[in-house]
Amino acid sequence: PRQRLGSLYQSDLADIKNFTYRWYATAGLENATNPDDSEQRFDASLGHDAQRRWMLGDTSSITLSLSQVFFENIQTEQDALHRLNHSISLGWNQAGGKGTTFARLTVSDSRSFGELDDEQQLLNFQISRTQNFSRLSDLSGHLTVQTVRREITGGSNNDTVTSATGQLAYQHRRAFGLPRLAFRSDLRVSQASTDEGRDRNEWENRLDYAIGLVNTSLSLRLMDDGDARSSLLYFRLTRRF
């Protein structure tokens with residue numbers, strides 16, 4: 001059996017130099033028992049964050065977010081773990097041209113202190129766009145590029161990994177002019193800079209048709225993971241009661 005008691009406190013939002021600011025604290029006590037022994041753990045965190053938004057006209061804005069949190073974990077028969085995280089992100093949002101665009105850059109630093117000291121830095125960039133062609137069809141795209149650097153004191157697996165993932169999806173909610181017939185084409189690509197990461201490409205085309213309580217779906221999926229290529233043709237018929 002396992003028992004846990006936890007608490008959370010969050011301050012009211014405050015306005016400091018045009019930043020929206022808050023702070024919070026959490027604490028938890030956990031007890032786990034089995035026929036041979038028992039284990040207790042205490043964890044707590046103390047953090048704060050701030051955010052500010054600048055309007056760039058009527059349809060565009062920039063948002064800056066800052067955060068810092070300290071985490072403590074104490075477990076019986078194990079060394080205590082202390083971790084300090086810092087994060088900053090800058091986002092841009094724009095609506096116009098029958099669509100919306102969003103981009104965000106995030107930089108974070110995490111440092112742990114305990115039996116093994118380690119630090120990790122992350123750089124993440126995301127951009128996405130949704131374009132409406134009509135009230136029945138739209139095209140959306142998303143791209144994420146991320147670099148993670150990790151270093152462990154005395155460790156042998158210190159490395160830097162860069163990965164990229166992208167998605168492009170088109171959908172039409174009345175394919176070929178037929179009511180209740182929907183078409184969706186979804187292309188996903190994933191690439192990594194190391195052998196441990198798996199490169200993968202996947203493209204799915206699907207038709208969905210609903211009439212009364214009966215739903216049908218026909219899907220063709222093409223997959224390539226770098227080592228092998230495969231295809232899957234899938235048909236599904238369901239009846240609701």
Side-chain angles (χ1 to χ4, degrees), residues 1-17 19-53 63-91 102 104-126 142 144-165 167 188 190 192-198 200 225:
R2 185 184 299 268
Q3 305 85 35
R4 179 174 176 83
L5 177 65
S7 63
L8 165 66
Y9 177 80
Q10 182 173 294
S11 71
D12 294 332
L13 295 177
D15 186 32
I16 302 177
K17 296 185 180 297
F19 278 86
T20 301
Y21 174 84
R22 67 165 185 168
W23 68 273
Y24 58 91
T26 67
L29 183 63
E30 185 174 291
N31 178 63
T33 58
N34 55 56
D36 298 326
D37 58 3
S38 63
E39 183 180 72
Q40 292 76 41
R41 185 178 70 179
F42 171 77
D43 57 75
S45 65
L46 178 64
H48 58 156
D49 54 59
Q51 185 179 91
R52 182 176 178 180
R53 175 174 294 181
T63 302
L64 175 65
S65 301
L66 310 169
S67 69
Q68 180 186 55
V69 59
F70 176 76
F71 180 81
E72 180 81 11
N73 187 297
I74 301 174
Q75 195 167 339
T76 54
E77 300 181 1
Q78 293 189 20
D79 292 342
L81 173 66
H82 326 283
R83 188 170 72 242
L84 181 62
N85 296 338
H86 296 86
S87 177
I88 178 173
S89 67
L90 185 66
F102 173 77
R104 180 170 60 192
L105 177 66
T106 301
V107 180
S108 67
D109 178 86
S110 176
R111 298 174 185 266
S112 299
F113 314 92
E115 182 179 359
L116 282 178
D117 295 344
D118 75 85
E119 59 180 75
Q120 177 176 289
Q121 289 80 40
L122 178 145
L123 178 65
N124 180 283
F125 175 73
Q126 303 177 39
H142 179 83
T144 298
V145 180
Q146 178 173 285
T147 296
V148 178
R149 174 186 175 273
R150 187 176 186 187
E151 180 177 343
I152 302 177
T153 303
S156 59
N157 59 342
N158 302 330
D159 55 11
T160 300
V161 178
T162 299
S163 60
T165 59
Q167 180 181 11
R188 301 187 183 190
S190 177
S193 63
T194 63
D195 294 336
E196 289 79 7
R198 178 61 65 94
R200 183 179 178 87
D225 62 5

Exercise for review: Look up atom CZ in F70 and atom CZ in R111, then write down how far apart they are to the nearest 0.5 Å.
Suggested key: 14.0 Å

**Study point:** From CD (E30) to CD (Q40), nearest 0.5 Å
**Key:** 10.0 Å

Point to revise | Value rounded to 0.5 Å, distance of CG in D109 from CG in L123 | key: 12.5 Å

Check your understanding: If you draw a 6.0 Å radius around CZ in R4, do more than 12 non-hydrogen atoms from other residues or ligands fall strictly inside?
Key -> yes

Review point. Side-chain contact, heavy-atom cut-off 4.5 Å: L66 with H86?
Key: no

Review point. Any luck finding a side-chain donor-acceptor pair between T165 and S190 under 3.5 Å?
Key: no

Practice item. Decide side-chain hydrogen bond (donor to acceptor under 3.5 Å, both in side chains) for N124 and Q126; before the verdict, give the C-alpha distance in whole Å, the side-chain angles of both, and the deciding distance to 0.1 Å. Key: CA-CA 7 Å; N124 180 283; Q126 303 177 39; 3.1 Å; yes

Practice item. Report yes if some heavy atom in the side chain of V148 is under 4.5 Å from a heavy atom in the side chain of D159; otherwise report no. Key: no

Review point. Which distance, rounded to the nearest 0.5 Å, do you find between the NE2 of H82 and the CZ of F71?
Key: 11.5 Å

Review point. Which distance, rounded to the nearest 0.5 Å, do you find between the CG of L5 and the CZ of F42?
Key: 10.5 Å

Review point. Who are the side-chain hydrogen bond (donor to acceptor under 3.5 Å, both in side chains) partners of S45, not counting sequence neighbours?
Key: T26

**Study point:** Smallest separation among heavy atoms of W23 and H48, with atom names
**Key:** CB-CB, 3.8 Å

Review point. Does CG belonging to D15 count more than 12 external heavy atoms closer than 6.0 Å?
Key: yes

**Study point:** Criterion side chain to side chain donor-acceptor pair (under 3.5 Å) against N85, the qualifying member of S108, S112, S110
**Key:** S110

Exercise for review: Would you check if the side chain of T76 reaches a backbone N or O of E39 as a donor-acceptor pair within less than 3.5 Å?
Suggested key: no

Exercise for review: Working to the nearest 0.5 Å, report the span between CG of N31 and CZ of R41.
Suggested key: 11.5 Å

Exercise for review: Determine, stepwise, if the pair L84 / Q68 fulfils side chain to side chain contact (heavy atoms under 4.5 Å, CB included).
Suggested key: CA-CA 8 Å; L84 181 62; Q68 180 186 55; 4.3 Å; yes

